[in-house]
Amino acid sequence: MKGGRRLRKTQKPFHPLTKPLLKPKLRTRGGKCQNVELGSGGDCSGKEWWLLQKGCEEGGSQPQPAPPRLGTLFLGEQCMRVAAPGTRTMSPPFSKCPSAPLHHPGGRGGGGSTTPDYGEKRLPQALIIGVKKGGTRALLEAIRAHPDVRAVGTEPHFFDRNYEKGLEWYRSVMPKTLEGQITMEKTPSYFVTNEAPKRIHSMAKDTKLIVVVRNPVTRAISDYTQTLSKKPEIPTFEVLAFKNRTLGLIDASWSAIRIGIYALHLENWLQYFPLSQILFVSGERLITDPAGEMAKVQDFLGLKRIVTEKHFYFNKTKGFPCLKKPEDSSAPRCLGKSKGRTHPKIDPDVIHRLRKFYKPFNVMFYQMTGQDFEWEQEESDK
Ligand SMILES: Nc1ncnc2c1ncn2[C@@H]1O[C@H](COP(=O)(O)OS(=O)(=O)O)[C@@H](OP(=O)(O)O)[C@H]1O
């Protein structure tokens, strides 16, 4: 798989507030447009690399109003008839986690290779904000191999579910760091949480943000696979993906599909953060070239490039790159079973329709970020 190719010089990135967006072909139905409501994502399964953590449940409902900002990209119940394959929106079946029984950072959650438990607890200077099923765990664990990074092992969900607990609570779940070390956490649902950009900005406007993005079609299937693993009785992907399969109306209210409309969610972040403060990591390249992506991440964080190809090896049994040196020598070196699940076989016609659905949003996302992740290329390769 390929990813992350820079746009040609003629294809300049733009900021959606200063330049008109490329408009996907949308038409209204009944003259009304509603907003896309952004929901939470994130892995609630909690079975993570070297760390087993439970306490979450998917499928709750927590509607969050989203102010209209993306012009005609804003899709709504009446607005989602996309010209080609068709879509509709948007009442979010949100991922729901009860206030998580957080792993205390003094334990495994402290992360950060072999740094002893001294120093000070600080608020994070960098966050992995998404996307769910993008490869966020792999990225966090890889960056934790850097001696100047310490991270919380579990997802604190502060800016979505635990915000009322306050910044002191948030600080308390962080690992201790020494001067010069970076504190990090990852909660993939932030990317699709409407309030998250404002809240993070009010904590520290110079917070560095990292988003791992992955082909939204594969991401949706991965998301579904995770839900299926916990609730085997759910309908098939093909059934859930459509409001009306005969008419080709994609159900964009399904969180598995909605999360992949990256341009829409990104627009919300760009109201608060400049593009230069957001790093987009290719989930595909994180698998095919983890060291290459990690070089970009370390540069972005202002770190010396210490995590390199020497840290990774490809584990044939797992089918993924794994870290050569885990935090403690007794722990497994690859991510757990909840990462790299076998996906169910999806009807190729449904995949084709989904690709068509996402295409205008992907193109818009490439323009906004100035990076072509080549997800369309993947289709034409087939
Ligand atoms: N090194 C390595 N090992 C295992 N898995 C890897 C790795 N790098 C990326 N990935 C991909 O990460 C996908 C899970 O993404 P996340 O960690 O973001 O999921 S979650 O949102 O935290 O649940 C997971 O998705 P699935 O393959 O669908 O399970 C993997 O494809």
Side-chain angles (χ1 to χ4, degrees), residues 1 3-4 39-58 94-95 97 100 127-145 151-157 160 185-193 210-230 237 255-256 259-260 262 280-294 297 307 309 311-326 332-346 378:
M1 270 186 265
S40 55
D43 182 11
C44 292
S45 73
K47 287 178 199 154
E48 309 288 18
W49 207 340
W50 306 316
L51 173 67
L52 294 176
Q53 165 79 22
K54 284 194 176 176
C56 300
E57 168 197 336
E58 294 239 326
F94 290 92
S95 167
C97 286
L127 299 171
I128 300 171
I129 57 172
V131 300
K132 183 186 180 190
K133 308 318 292 179
T136 56
R137 175 55 58 184
L139 176 61
L140 187 76
E141 296 306 331
I143 197 62
R144 284 172 107 182
V152 192
T154 48
E155 297 175 5
H157 281 278
D160 54 350
E185 67 115 327
K186 79 116 178 163
T187 304
S189 48
Y190 292 161
F191 188 61
V192 296
T193 297
I210 301 177
V211 194
V212 189
V213 287
R214 178 182 188 185
N215 185 326
V217 179
T218 330
R219 199 220 65 81
I221 298 168
S222 172
D223 203 335
Y224 171 79
T225 307
Q226 175 171 294
T227 310
L228 189 66
S229 72
K230 292 180 225 164
F237 182 91
S255 66
I259 290 170
Y262 302 143
F280 300 92
V281 172
S282 159
E284 285 82 17
R285 285 174 67 111
L286 198 57
I287 296 168
T288 58
D289 179 19
E293 288 303 289
M294 289 316 295
V297 172
V307 181
E309 60 282 348
H311 282 74
F312 299 95
Y313 74 101
F314 187 82
N315 184 303
K316 281 188 192 158
T317 315
K318 177 77 181 165
F320 284 91
C322 299
L323 278 173
K324 276 184 191 160
K325 284 206 169 192
R333 294 171 173 180
C334 298
L335 292 184
K337 282 184 186 158
S338 70
K339 309 296 177 185
R341 290 185 176 106
T342 305
H343 295 175
K345 178 114 186 73
I346 307 298
E378 284 174 35

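Indexing begins at 1, ligand by ligand and atom by atom, following the structure's order. Counting begins at 1 with the first residue of the sequence.
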ask   = Just by distance, do the side chain of Gln226 and the backbone of Ser338 share a donor-acceptor pair under 3.5 Å?
value = no
query = Which of the atoms of ligand 1 are close to Glu155, meaning less than 4.0 Å from one of its heavy atoms?
reply = 22 (O)
ask   = Mind checking what makes ring-ring contact (aromatic ring centres under 6.0 Å, His included) contact with Phe280, not counting sequence neighbours?
value = Phe365
query = In Å and rounded to the nearest 0.5 Å, what is the CD to CD1 distance from Glu185 to Ile128?
reply = 9.0 Å
ask   = Is there any N or O on Gly340 that sits under 3.5 Å from an N or O of ligand 1?
value = yes
key: Option of least heavy-atom distance to atom 15 (O) of ligand 1 (set: Gly135, Ser189, Ser229)   = Gly135
ask   = Should the proximity of Thr136 to ligand 1, defined as any heavy atom under 4.0 Å, be assigned to the side chain, the backbone, both, or neither?
value = both
query = Can an N or O of Lys132 be found at a distance shorter than 3.5 Å from an N or O of ligand 1?
reply = no
request  = Determine yes or no for a side-chain-to-main-chain donor-acceptor pair under 3.5 angstrom, with Arg144 supplying the side chain and Ala151 the backbone.
outcome  = yes
request  = Below 4.0 angstrom from a heavy atom of Pro188, which ligand 1 atoms are there? Numbered from 1 as shown, please.
outcome  = 21 (O)
query = Is there a donor-acceptor contact under 3.5 Å from the side chain of Lys133 to the main chain of Ala256?
reply = no
task = Please identify which atoms of ligand 1 are closer than 4.0 Å to at least one heavy atom of His343.
result = 26 (P), 27 (O), 28 (O)
task = Pull out every atom of ligand 1 sitting under 4.0 Å from any heavy atom of Gln226, numbered as shown with elements.
result = 23 (O)
inquiry  = Just verifying a value: how many Å separate Leu140 CG and Leu127 CG, rounded to the nearest 0.5 Å?
reply    = 10.5 Å
Residue Val131 vicinity, atoms of ligand 1 by number, heavy atom under 4.0 Å = 18 (O)
request  = Determine yes or no for a side-chain-to-main-chain donor-acceptor pair under 3.5 angstrom, with Glu284 supplying the side chain and Asn215 the backbone.
outcome  = yes
message = With heavy-atom distances below 4.0 Å as the criterion, list the atoms of ligand 1 near Ser222.
response = 25 (O), 26 (P), 28 (O)
side-chain hydrogen bond (donor to acceptor under 3.5 Å, both in side chains) against Ser222, all qualifying residues, sequence neighbours excluded = Arg214
message = Under 4.0 Å from a heavy atom of Pro321: which atoms of ligand 1 are those, numbered in the order shown and with their elements?
response = 1 (N), 2 (C)
query = Quick one: does Arg214 get an N or O within less than 3.5 Å of an N or O on ligand 1?
reply = yes
